[in-house]
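Below, each value reflects all heavy atoms present in this structure, side chains not excepted, and no hydrogens, waters or symmetry copies. Along the sequence shown, the residues carry numbers beginning at 1. Both ligands and their constituent atoms are indexed starting at 1 by order of listing.
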Amino acid sequence: MKIYLYGIREDEKGYLKEWDKAHPDVEIDYTHEIFTPETAELAEGSDGVVMVQTQPYQRAALKKLQDFGISKISVRNVGLDGFNFQDLRDFGLSLTYVPVYSPNAIAEHTTSLILRLLRRVPEFDKKFANADFRWFPTIGEEINGKTVGIIGTGHIGSVVGRIMMAMGAKVIAYDIAPNPALENLGIYKETLDEVLEQSDIITIHTPLAKKDIHMIDKDAFDKMKDGAIFINAARGGLVDTDALIAALDSGKLGGAGLDVLESENDVFQKKFDSIADVKDPQFQALINRDNVIITPHTAFYTTTAVHNMIFDSLNDNLKMLQGKAPKYPVDITE
Ligand code: NAD
């Protein structure tokens with residue numbers, strides 16, 4: 001039995017070896033390349049494939065899997081917005097994903113974005129680089145006592161909520177399907193607008209469903225408190241970036257922490273000679289601001305998360321190949 005992995009990074013290789021050692025009956029092979037119509041050929045002769053990428057999974061590439069008699073795909077992450085399920089149905093492909101590899105990784109990163117903005121770390125870093133160690137006027141704010149609004153209280157949002165509560169914040173939340181584990185806390189508001197209007201800090205943790213593209217638009221920013229801080233460590237497409245830039249320009253928004261961007265595929269996971277060489281206009285409009293922190297989709301990036309992504313995806317791919325029920329199947333019927 002052979003499983004082929006796409007998009008393998010250096011930091012994943014140790015965990016891959018570990019899994020390989022524990023499964024002597026399974027042959028594994030990999031490429032650093034992502035899955036495209038050109039690289040699909042590499043999987044020929046394999047039984048299953050495991051992949052992860054932010055670029056869309058192209059129909060022509062998926063068709064080739066069918067041609068090679070491969071029907072089991074496992075992705076090593078949670079986001080499935082790169083797939084057109086119709087393609088999977090057309091080519092008889094089954095899919096698994098890793099919905100929970102470490103919610104704490106993203107929740108802790110979200111917390112660090114909030115703290116770095118409140119304590120004005122980018123400004124202190126600049127001053128420090130100029131050997132300026134004076135405090136004034138770079139005075140910070142505390143999470144304790146602030147109202148933190150969480151949009152989407154699933155695996156990640158619920159952990160963010162608990163961290164914020166432990167730090168003394170008043171947590172309020174909006175979710176189309178409130179989390180039973182949090183319902184007794186009395187945090188839920190009936191509408192998204194209430195959360196937008198009442199929060200000092202707003203952090204979004206919903207999936208990117210088609211209906212939710214630009215959920216946070218000009219109207220949403222207009223409803224926020226003056227000087228609110230906005231965090232997005234979910235998906236770039238949830239936010240109308242031009243509206244975000246306008247809200248920062250007008251001073252309506254007090255700061256933004258962004259681990260994801262609408263145009264991140266052109267920027268993140270790439271090396272440029274300098275920031276000025278990044279041609280993306282939205283990135284350029286955001287990057288040189290003291291009250292904006294951008295991280296290159298690294299919220300998930302911890303040893304715990306990477307281990308779980310490799311192990312859970314390979315375990316599920318193998319289960320499918322053995323005709324057993326995988327732990328995390330994806331319902332591709334809709
Ligand atoms: P989840 O499915 O566990 O939770 C999502 C929650 O959002 C659910 O409770 C759901 O009911 C709610 N929801 C859905 N649509 C909504 C809407 N329109 N309004 C309000 N609530 C809504 O998902 P999760 O694992 O917590 O992931 C949350 C987000 O984080 C996803 O977008 C995921 O892709 C992203 N993510 C980012 C990183 C990163 O490195 N930055 C890593 C993992 C996940």
Side-chain angles (χ1 to χ4, degrees), residues 7 9 11 52-54 56 75-83 97-114 149-164 171-183 185 187-196 199 202-217 219-220 223 230-240 256-262 264-265 267-269 293-309 312-313 328 330-331 334:
R9 305 181 308 265
D11 54 274
V52 68
Q53 61 197 47
T54 49
V75 289
R76 312 199 279 285
N77 65 326
V78 55
L80 298 170
D81 38 288
F83 283 101
Y97 70 146
V98 187
V100 200
Y101 42 81
S102 179
N104 287 69
I106 299 97
E108 289 180 18
H109 190 85
T110 298
T111 305
S112 86
L113 289 172
I114 295 171
I150 301 178
I151 306 169
T153 50
H155 294 105
I156 296 168
S158 61
V159 180
V160 173
R162 293 198 185 279
I163 294 174
M164 290 298 119
V171 171
I172 59 174
Y174 173 71
D175 196 308
I176 52 169
N179 187 334
L182 303 179
E183 264 185 318
L185 298 175
I187 58 173
Y188 286 108
K189 299 286 174 191
E190 287 292 316
T191 63
L192 173 61
D193 283 0
E194 286 169 272
V195 169
L196 296 175
S199 305
I202 295 165
T203 180
I204 186 163
H205 300 283
T206 67
L208 179 59
K210 282 208 175 73
K211 67 174 177 49
D212 291 333
I213 291 174
H214 288 188
M215 187 197 321
I216 306 299
D217 57 6
D219 264 13
K223 283 175 187 147
F230 175 71
I231 308 290
N232 184 9
R235 280 290 178 267
L238 291 165
V239 178
D240 178 343
L258 307 168
D259 185 54
V260 288
L261 291 175
E262 274 190 274
E264 68 179 59
N265 285 343
V267 184
F268 294 171
Q269 286 278 60
I293 297 175
I294 296 177
T295 51
H297 207 140
T298 46
F300 80 98
Y301 195 47
T302 65
T303 52
T304 305
V306 173
H307 171 279
N308 292 343
M309 291 162 106
D312 290 354
S313 59
Y328 298 125
V330 178
D331 178 4
E334 281 172 31

Exercise for the section: For V78, take its heavy atoms, then give the atoms of ligand 1 lying under 4.0 Å from any of them. Expected result: 43 (C), 44 (C)

Handout entry: Within-shell test, H109 vs ligand 1, heavy atom, strictly < 4.0 Å
Key = no

Practice task
Would you indicate which of N232, L182, D175 comes nearest to atom 12 (C) of ligand 1 when only heavy atoms are counted?
Solution key: D175

Problem - N or O contact, T298 vs ligand 1, cut-off under 3.5 Å - result: no

Handout entry: Sub-4.0 Å heavy-atom approach of Y101 to ligand 1
Key = yes

Exercise for the section: Output yes when the distance from some N or O of ligand 1 to some N or O of F300 is under 3.5 Å, and no in every other case. Expected result: yes

Handout entry: atom 15 (N) of ligand 1: the protein heavy-atom neighbour that sits closest, reported with distance to 0.1 Å
Key = I176 CD1, 3.4 Å

Exercise for the section: Return yes when at least one protein heavy atom is under 4.0 Å from atom 23 (O) of ligand 1, and no when none is. Expected result: no

Handout entry: Closest protein heavy atom to atom 41 (N) of ligand 1, given as residue, atom name and distance to 0.1 Å
Key = D259 OD2, 2.9 Å

Handout entry: Shortest protein heavy-atom distance from atom 18 (N) of ligand 1, along with the residue and atom involved
Key = D212 OD2, 3.0 Å

Practice task
Look at atom CD of Q269 and say whether more than 12 heavy atoms of other residues, nucleotides or ligands are closer to it than 6.0 Å.
Solution key: no

Practice task
May I ask whether A233 places a heavy atom under 4.0 Å from ligand 1?
Solution key: yes

Handout entry: Nearest candidate to atom 14 (C) of ligand 1, where distance is taken over non-hydrogen atoms, out of S102, P178, P207
Key = P207

Fill in the blank from the handout: Sorted by chain and number, sequence neighbours left out, side-chain hydrogen bond (donor to acceptor under 3.5 Å, both in side chains) with T110 holds for none

Handout entry: Contact atoms of ligand 1, heavy-atom distance to K211 under 4.0 Å
Key = 18 (N)

Completion exercise
In this structure, atom 34 (O) of ligand 1 is nearest to the protein heavy atom R235 CZ, 3.3 Å

Handout entry: Counterpart residues, side-chain contact (heavy atoms from CB on, under 4.5 Å), relative to T295 (two or more places apart)
Key = H109, L113, R116, D259, I293, T298

Completion exercise
Near I106 (heavy-atom distance under 4.0 Å), the atoms of ligand 1 are 38 (C), 42 (C), 43 (C)

Practice task
Considering only non-hydrogen protein atoms, determine which one is nearest to atom 32 (O) of ligand 1 and report residue, atom name and distance to 0.1 Å.
Solution key: T206 O, 2.7 Å

Handout entry: Main-chain N/O of T153 paired with D175 side-chain donor or acceptor, under 3.5 Å
Key = yes

Practice task
Note the single closest protein heavy atom to atom 19 (N) of ligand 1, along with its residue, its atom name and the distance in Å.
Solution key: Y174 CE2, 3.7 Å

Completion exercise
Looking at I156, V98, N179, the heavy atom closest to atom 36 (N) of ligand 1 belongs to I156

Fill in the blank from the handout: shortest atom 4 (O) of ligand 1-to-protein heavy-atom contact is with G154 CA, 3.2 Å

